[in-house]
Protein chains: 2
Amino acid sequence: MGIKRHIYNCQAGCPVESTLQIISGKWKSVIIYHLLESTQRFNGLQKQMPDCSRRMLSLQLHELQADGVIQKKVYPEVPPKTEYSLTSFGETLKPVILAMASWGDMYNHRQEYVDDNVK
Amino acid sequence: MGIKRHIYNCQAGCPVESTLQIISGKWKSVIIYHLLESTQRFNGLQKQMPDCSRRMLSLQLHELQADGVIQKKVYPEVPPKTEYSLTSFGETLKPVILAMASWGDMYNHRQEYVDDNVK
DNA sequence: CAGAATCCCTTTAGATACTG
DNA sequence: CAGTATCTAAAGGGATTCTG
């Protein structure tokens with residue numbers, strides 16, 4: 001087996017850049033976040049992300065699927081029903097997304113505190 | 001004090017979206033990553049991010065500064081010297097960036113493994 | 001060294017309408 | 001319900017040039 005690229009000096013193979021290849025894009029990490037707890041349907045996701053258009057949601061879901069992060073199950077029913085869920089590979093992103101969620105919570109509370117004092 | 005927005009149902013105040021407000025952008029989290037260990041100069045950062053143009057680096061640094069994540073120290077010398085570093089607020093992002101770096105390392109090794117098998 | 005300014009082409013993403 | 005297709009305004013971002 002080859003020993004190559006074992007030293008990540010960030011000219012080649014910066015780990016953060018690698019992660020961004022998968023989760024960058026304004027909505028990808030948000031989608032993963034919503035899939036963390038449970039499977040979601042298309043419209044369900046959209047209601048939780050009102051600022052993401054149907055078109056954008058569709059595009060981002062496709063990319064996440066192509067990268068093996070999520071999977072889609074289609075039920076041959078009328079009206080149609082689909083369910084999106086994380087793959088096992090996608091599950092490995094959980095610590096990253098949870099770290100983001102945790103920081104965001106802190107930030108939201110900080111903002112609330114600032115807002116209160118300004119008021 | 002007001003009790004508002006305490007329930008984050010992700011229609012308003014999704015914590016991941018809040019985090020993205022600060023670190024989204026293709027280069028911001030990479031910049032923070034490089035500032036994690038030590039202060040950096042403009043050209044030093046650029047050498048570590050060859051795919052980020054000088055223009056882009058400048059823009060992203062400005063935004064990070066405006067958001068209070070990093071600070072800039074200018075030394076009145078010739079040739080000019082500047083140093084960028086994280087603020088204490090920026091330091092709070094450390095767990096997020098480290099989680100990303102950690103996942104990226106795993107991903108890079110996985111890719112290496114895949115590449116070896118394909119070869 | 002550390003940028004700012006300008007030009008200009010490319011990509012993004014919203015709005016709207018349509019489909020199985 | 002779960003999308004796709006098309007059009008278009010706006011934003012993004014590279015290349016180049018200029019400055020203190």
Side-chain angles (χ1 to χ4, degrees), chain A residues 10-11 14 16-17 20-32 34-35 38-67 69-87 90, chain B residues 10-11 14 16-17 20-32 34-35 38-67 69-87 90:
Chain A
C10 296
Q11 271 89 318
C14 170
V16 174
E17 292 189 36
L20 289 177
Q21 282 178 14
I22 303 298
I23 65 167
S24 77
K26 193 160 187 174
W27 300 109
K28 287 187 183 177
S29 45
V30 181
I31 291 172
I32 298 171
H34 291 307
L35 292 179
S38 66
T39 285
Q40 300 271 348
R41 299 178 61 173
F42 189 88
N43 278 7
L45 280 172
Q46 234 220 320
K47 278 171 193 159
Q48 295 179 81
M49 302 158 57
D51 294 336
C52 179
S53 70
R54 204 161 60 232
R55 180 181 174 278
M56 277 311 298
L57 181 56
S58 177
L59 289 173
Q60 302 276 288
L61 287 171
H62 272 281
E63 290 189 20
L64 285 171
Q65 220 182 325
D67 287 331
V69 176
I70 67 172
Q71 60 202 165
K72 170 181 174 178
K73 184 171 184 184
V74 180
Y75 295 86
E77 304 175 2
V78 178
K81 172 179 175 181
T82 58
E83 281 183 348
Y84 292 93
S85 60
L86 293 177
T87 62
Chain B
C10 295
Q11 271 88 318
C14 171
V16 175
E17 292 190 35
L20 288 177
Q21 282 178 14
I22 303 299
I23 65 166
S24 77
K26 194 162 187 173
W27 301 108
K28 287 187 184 176
S29 45
V30 181
I31 291 172
I32 298 172
H34 290 306
L35 291 180
S38 65
T39 285
Q40 300 270 350
R41 299 179 60 174
F42 189 87
N43 278 5
L45 281 171
Q46 233 221 318
K47 278 171 193 160
Q48 295 178 80
M49 304 158 58
D51 294 336
C52 178
S53 69
R54 206 162 60 233
R55 180 181 175 278
M56 278 310 298
L57 181 56
S58 177
L59 289 173
Q60 301 276 288
L61 287 171
H62 270 283
E63 290 189 23
L64 286 171
Q65 220 182 325
D67 286 332
V69 176
I70 66 173
Q71 59 203 164
K72 170 181 174 180
K73 183 171 184 185
V74 179
Y75 295 86
E77 301 175 2
V78 177
K81 173 179 175 180
T82 59
E83 281 185 348
Y84 291 93
S85 59
L86 293 176
T87 61

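In what follows, chains carry the letters A, B, and so on, assigned in the order in which the sequence lines appear, proteins first and then strands, with residues in each chain numbered from 1.
- The shortest side-chain heavy-atom distance between B:Trp27 and B:Leu57 does not fall under the 4.5 Å cut-off.
- Here the CD-CD distance, from B:Gln40 to B:Gln46, works out to 12.5 Å after rounding to the nearest 0.5 Å.
- From B:Gln71, atom CD reaches atom CG of B:Leu64 across 12.5 Å, with rounding to the nearest 0.5 Å.
- Under the side chain to side chain contact (heavy atoms under 4.5 Å, CB included) criterion, B:Ser24 pairs with B:Leu20, not counting sequence neighbours.
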- [ ] Dump the intermediate steps for side chain to side chain contact (heavy atoms under 4.5 Å, CB included) on A:Ile32 and B:Val16, then the final yes or no.
- [x] CA-CA 10 Å; A:Ile32 298 171; B:Val16 175; over 6 Å; no

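- Annotation for B:Thr39 and B:Leu35: closest pair C-CD2, 4.5 Å, computed over non-hydrogen atoms.
- Contacts of B:Tyr84 with the nucleic acid, taken as non-hydrogen atoms under 4.0 Å apart, involve only primed sugar atoms and P, OP1 or OP2.
- Note on the helix from C:dC1-D:dG20 to C:dG20-D:dC1: terminal axis deviation equals 50°, with five pairs used at each end and the result rounded to 10°.
- Residue A:Asn43 contributes atom CG, which lies 5 Å from atom P of D:dC1 at whole-angstrom precision.
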Open item on the list: Working note: B:Lys72 + B:Leu61, criterion side chain to side chain contact (heavy atoms under 4.5 Å, CB included); need CA distance, chi angles, decisive distance, verdict.
Closed with: CA-CA 9 Å; B:Lys72 170 181 174 180; B:Leu61 287 171; over 6 Å; no

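- At D:dT4, one or more side-chain N or O atoms of A:His62 fall inside 4.0 Å of OP1 or OP2 (strictly under the cut-off).
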Task: Per-nucleotide protein contact string for nucleotides 6-20 of chain D (B base, S sugar-phosphate only, - none; heavy atom under 4.0 Å) - done: B------BBB-B--B

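- Read 5' to 3', the first and last nucleotides of DNA chain C with an atom closer than 4.0 Å to a heavy atom of chain B are C:dC1 to C:dT6.
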What side-chain donor-acceptor pairs closer than 3.5 Å can you find for residues 73-87 of chain A, not counting sequence neighbours?
unit_1, atom_1, unit_2, atom_2, d
A:Tyr75, OH, A:Glu83, OE1, 2.9
A:Thr87, OG1, A:Gly68, O, 2.6
A:Thr87, OG1, A:Val69, O, 3.1
A:Thr87, OG1, A:Phe89, N, 3.3
A:Thr87, OG1, A:Gly90, N, 2.9

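- No hydrogens or angles considered: a donor-acceptor pair under 3.5 Å links the side chains of B:His34 and B:Gln48.
- Residue pairs satisfying the salt bridge (Lys or Arg N to Asp or Glu O under 4.0 Å) criterion with at least one member in residues 54-64 of chain B, sequence neighbours excluded, are listed as follows: B:Lys28-B:Glu63.
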